[in-house]
Every structure is written in C-alpha cells, then in structure tokens.
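Single-structure report; data block below.
In what follows, chains are A, B, ... by sequence order, proteins preceding strands, each numbered from 1. All values below come from the heavy atoms of this structure, side chains included, with hydrogens, waters and symmetry mates left out.
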Amino acid sequence: MPELPEVETIRQTLKAMVINKTIKDVSVFWPKIIKQPDDVKEFSHLIRGQTIEDIGRKGKFLLFQLTDYVLVSHLRMEGKYGVFTKDEPVLNHTHVIFHFTDQTELRYNDVRKFGTMHLFSKGEELKEKPLSTLAPDPFEDTFTFSEFYNKVTKSERVIKNILLDQTVVAGLGNIYVDETLFKAGVHPLKKGVDLSSKEIKAIQKYAKETLAEAVAQGGTTIRSYVNTQGQIGMFQQQLFAYGQTNKPCKHCGAPIEKIKVSGRGTHFCPSCQPN
DNA sequence: GTGGGTGTTGAAGT
DNA sequence: TACTTCAACACCCA
C-alpha cells in the first residue's frame, strides 16, 4: 500500500495517539510478520514494559523508539495501524496487538500479511538489514545530487526500476515514480546510463516536490489506504499519470498510456515523455 | 468459476 | 550485475 507520504501521514497521526504509552503485553497471531528476533516469544519478552517514546520514519519504514529498543515496521502493501480500546471487536486480518497499560491497544492489521517487524537494541537498527542498505530519502541532507547522478548513470537498468530501488533513493513506490517521471518529462523505459544531467536534476527536484505535496495532502488513497484515524488521503486528485490510463494528459491532451515494466503497471504520457 | 491485477520487497534461477 | 520469475497472501473485478 503505502509509499513515503502515506507512511509519513501514518507516523504523524499514530504518534499523537500512542506517545508515552507503555506496552504491558503483545499478542502475535501471525508469527511470520516478526522477522527479528527469530523467536516470537523472545520478541514479546523484550517488548514487555517498554514505553513508546517517539515514532520516526526512514523511507517507507516506521521506527518506534522504545525505552531500550527500536521497532522497525514496514507496511508493505496493505499494513495498517489502529488504536482501540480493549473491548472493541478485533477486525479481521489483525495480526499483532500491543496491549498498553491504560486499557487501550495498538493493533496491526494487514490483509495480505506481507508486512514486517524487526526489533533491535537502540543504536543497532541502522547497522543491520533492512535499514543498513536503505538509501536516504529525497528530504535528507545526505541525498546529494552527485551520489544520485552516479548511481543512475552507471546503471543499464531502466529509470523506472532504478527509482523503485530503495538502495538508490528511499520512499518512492509505483505511484510516485510514475508521477515524478511525468513531471520530469522522462520516459520510464529510458536507461539510467542514457540520462542527461539535466534530466536527473529534474527527477531529483520533482521527486522531492511530489512527495512533499502528497504529504501535505495526507497521502494518496487508491483503494484501501487510510491513516491511523481512518481518514483517506487527498493526493489522488492531483495525479497526472498513475491510474490515468486513456485519460487526456493534463499538459497536452494526449491519452495516458499504460505499459508493464518488470511486472509493474507503468503510466506515462507518450507526448510529454518521449523515448 | 478463472485469470489478471493490486500502493512491496526479497529470494532463486539464468 | 541485473533481469525475470516467483513467492509471500487476500481480495476485487472483468
């Protein structure tokens, strides 16, 4: 489901609801979600008694800063968090429940069960996968043009795939890659090695701009995304390419085309994004 | 029913 | 290295 703007919206809404709450116990109904430590009993044991001091984000990952540990959570396609009182009925597809000492609970719901959770001792989370290989997102100072340029131009891969690669730039997914390439006027099948400095500059600029606008709109809701308070995003009204198949391009009127790139639906304007 | 598609990402095979 | 396929899983739609 979510890309950077959706995860950031979740981070903000969730933080307000669980900050300073202490975890009394954890229930895990689908153990495969817990990737670290291997043993779910160990996971529960370590997390008991921990207080949520802050919630951060790196790329599409949420980082729950606990008293002694950091819980790294990825929502993949359909993961959602919600805060409930303990007597509210548990929804279908709820796989992890963090029971707080104040009778409320944080529930993780994930229809497709693709989401992951890793628990690390504080300070270890950046040294190990999945965060150790993650590139900076476009908002971080460490996301520099020269490094981005080098990674793009030394690749024979098509730009669509390069931008989906979280070790090149973090936070972009299928929607925002299509939007970024549209605004930059770059065809999704162009190879990284063939891109000009000007094109890469435009991609960098519009990636940041598009993500910032989407964060301001509370993310994009295509079918199932809602934030922690159950609210949908609004950015879908401002999409130029994604999901606009056969609709007239908002810049030139030519019909938006949809093709498949490495198995991912890819939308672009054949006139504004020539190959 | 049946197959294809879905906002993600790793692993396995070539 | 990198590309393709598949796998994880459930649901929606034509």
Side-chain angles (χ1 to χ4, degrees), chain A residues 1-10 29-36 57-62 72-81 91-96 108-118 128-135 137 150-182 188-189 191-194 207 210-211 214-215 217-227 232-246 258-267:
Chain A
M1 170 193 36
E3 306 178 37
L4 186 149
E6 293 75 38
V7 177
E8 175 60 19
T9 305
I10 288 164
F29 307 113
W30 192 259
K32 287 168 82 171
I33 304 243
I34 312 299
K35 302 295 184 187
Q36 162 82 27
R57 179 188 57 73
K58 261 190 92 59
K60 303 176 192 173
F61 292 87
L62 287 169
V72 178
S73 167
H74 196 301
L75 304 169
R76 294 290 182 98
M77 296 288 267
E78 298 271 358
K80 290 171 187 54
Y81 280 105
L91 298 173
N92 229 353
H93 309 302
T94 297
H95 307 307
V96 183
Y108 177 73
N109 186 288
D110 187 345
V111 170
R112 295 177 72 182
K113 301 175 176 165
F114 287 177
T116 62
M117 295 184 193
H118 293 76
E128 295 183 57
K129 282 189 172 182
L131 295 184
S132 59
T133 53
L134 193 68
D137 71 44
N150 288 339
K151 280 184 177 170
V152 171
T153 53
K154 78 171 178 46
S155 177
E156 290 283 342
R157 303 150 77 193
V158 299
I159 187 63
K160 165 94 183 195
N161 287 342
I162 296 173
L163 294 180
L164 285 173
D165 183 344
Q166 304 294 301
T167 70
V168 173
V169 52
L172 296 172
N174 212 28
I175 295 178
Y176 298 110
V177 167
D178 283 4
E179 292 303 301
T180 296
L181 288 175
F182 175 87
L189 291 179
K191 289 180 180 177
V193 70
D194 293 331
T210 305
L211 291 174
V215 169
Q217 297 292 312
T220 301
T221 296
I222 298 300
R223 24 189 260 280
S224 65
Y225 164 74
V226 289
N227 70 22
I232 64 170
M234 284 296 141
F235 192 71
Q236 61 275 13
Q237 297 166 5
Q238 293 169 44
L239 296 175
F240 287 88
Y242 185 87
Q244 310 300 303
T245 316
N246 293 328
K258 181 176 182 183
I259 59 174
K260 202 152 250 214
V261 180
S262 298
R264 311 299 303 277
T266 297
H267 315 71

- [ ] Can you sort out the partners of A:Glu8 under salt bridge (Lys or Arg N to Asp or Glu O under 4.0 Å), two or more places apart, ordered by chain and number?
- [x]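 So A:Glu8 forms a salt bridge (Lys or Arg N to Asp or Glu O under 4.0 Å) with A:Arg11, A:Arg57.
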
Task: Non-neighbouring partners of A:Lys160 that pass salt bridge (Lys or Arg N to Asp or Glu O under 4.0 Å), sequence neighbours left out - done: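 Per chain and number, A:Lys160 pairs via salt bridge (Lys or Arg N to Asp or Glu O under 4.0 Å) with A:Asp178.
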
Open item on the list: Nearest heavy atom decides the nucleotide; on that basis, is A:Gly263 or A:Lys154 closer to the 5' end of DNA chain C?
Closed with: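 So the residue in question is A:Lys154.
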
Task: Heavy-atom protein contacts under 4.0 Å, nucleotides 9-14 of chain C, coded B base, S sugar-phosphate only, - none - done: BBS---

TODO: Would you mind telling me which of B:dT9, C:dA2, B:dG7 lies closest to the side-chain atoms of A:Ser155?
DONE: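 Selected nucleotide (nearest to the side chain): C:dA2.
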
Open item on the list: Looking only at the side chain of A:His74 (C-beta and beyond, no hydrogens), which of the listed nucleotides B:dT8, C:dA2, B:dG7 gets closest?
Closed with: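 Looking only at side-chain atoms, A:His74 lies closest to B:dT8.
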
When the [atom1] atoms of [M] and [N] are compared, how many Å lie between them, rounded to an integer?
N     : M     : atom1 : value
C:dC3 : B:dG7 : C1'   : 23 Å
C:dA7 : B:dG3 : P     : 15 Å
C:dC9 : B:dT2 : P     : 22 Å
C:dC6 : B:dG4 : C1'   : 16 Å

Would you list the atom pairs, donor with acceptor, under 3.5 Å between side chains in residues 239-246 of chain A and any protein atom, with sequence neighbours excluded?
{"unit_1": "A:Gln244", "atom_1": "NE2", "unit_2": "A:Tyr242", "atom_2": "O", "d": "3.0"}

Considering every strand and a 4.0 Å limit on heavy-atom distances, what is the contact class for [X]: base, sugar-phosphate, or nothing?
X        : value
A:Ser262 : sugar-phosphate
A:Tyr242 : sugar-phosphate
A:Gly265 : sugar-phosphate
A:Lys129 : nothing

Atom-pair distance ([atom1] on [X]; [atom2] on [N]), nearest Å:
X        : N     : atom1 : atom2 : value
A:His95  : C:dA8 : NE2   : C1'   : 12 Å
A:Asn161 : B:dT9 : CG    : P     : 13 Å
A:Phe235 : B:dG7 : CZ    : P     : 16 Å
A:Lys35  : B:dT9 : NZ    : P     : 14 Å
A:Leu164 : C:dA2 : CG    : C1'   : 15 Å
A:Lys151 : C:dA2 : NZ    : C1'   : 16 Å
A:Arg76  : B:dT6 : CZ    : C1'   : 15 Å
A:Ile33  : B:dT9 : CD1   : C1'   : 14 Å

Task: Under 3.5 Å: donor-acceptor pair, side chain of A:Gln166, backbone of A:Gly171 - done: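 Yes, A:Gln166 side chain to A:Gly171 backbone: donor-acceptor pair under 3.5 Å.
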
Open item on the list: When you measure from the side chain of A:Glu3 to the backbone of A:Ile175, do you find a donor-acceptor pair of N or O atoms at a distance under 3.5 Å?
Closed with: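 A pair under 3.5 Å: yes.
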
Open item on the list: Apply side-chain contact (heavy atoms from CB on, under 4.5 Å) to residues A:Leu189 and A:Ile259 and explain how you reach the verdict.
Closed with: CA-CA 10 Å; A:Leu189 291 179; A:Ile259 59 174; 3.9 Å; yes

At less than 4.0 Å, is any side-chain N or O atom of [X] found next to OP1 or OP2 of [N]? Yes or no.
X        : N     : value
A:Lys258 : B:dG5 : no
A:Arg264 : B:dG7 : yes
A:Gln166 : B:dT9 : yes

Write down the protein N/O and nucleotide N/O pairs, taken from nucleotides 12-14 of chain B, whose separation is under 3.5 Å; answer none if there are no such pairs.
none

Which heavy atom of [X] sits nearest to which heavy atom of [Y], and what is that distance?
X        : Y        : value
A:Gly219 : A:Pro5   : CA-CB, 4.3 Å
A:Met117 : A:Tyr108 : CE-CG, 3.7 Å
A:Tyr81  : A:Ser73  : OH-OG, 2.7 Å
A:Asn174 : A:Leu164 : N-CD2, 3.7 Å

TODO: Quick one: pull up NZ in A:Lys191 and CD1 in A:Ile159 and give me the separation to the nearest 0.5 Å.
DONE: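 Answer rounded to 0.5 Å: 13.0 Å.
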
Task: Watson-Crick and G-U pairing of DNA chain B written in dot-bracket, each distance under 3.5 angstrom, with | for inter-strand partners - done: .|||||.|||||||

- [ ] May I ask you to decide whether A:Glu78 forms a salt bridge with A:Lys80, counting only side-chain N to carboxylate O separations under 4.0 Å?
- [x]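 Yes.
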
Task: side-chain contact (heavy atoms from CB on, under 4.5 Å) evaluation trace for A:Asp165 with A:Arg157 - done: CA-CA 11 Å; A:Asp165 183 344; A:Arg157 303 150 77 193; 3.0 Å; yes

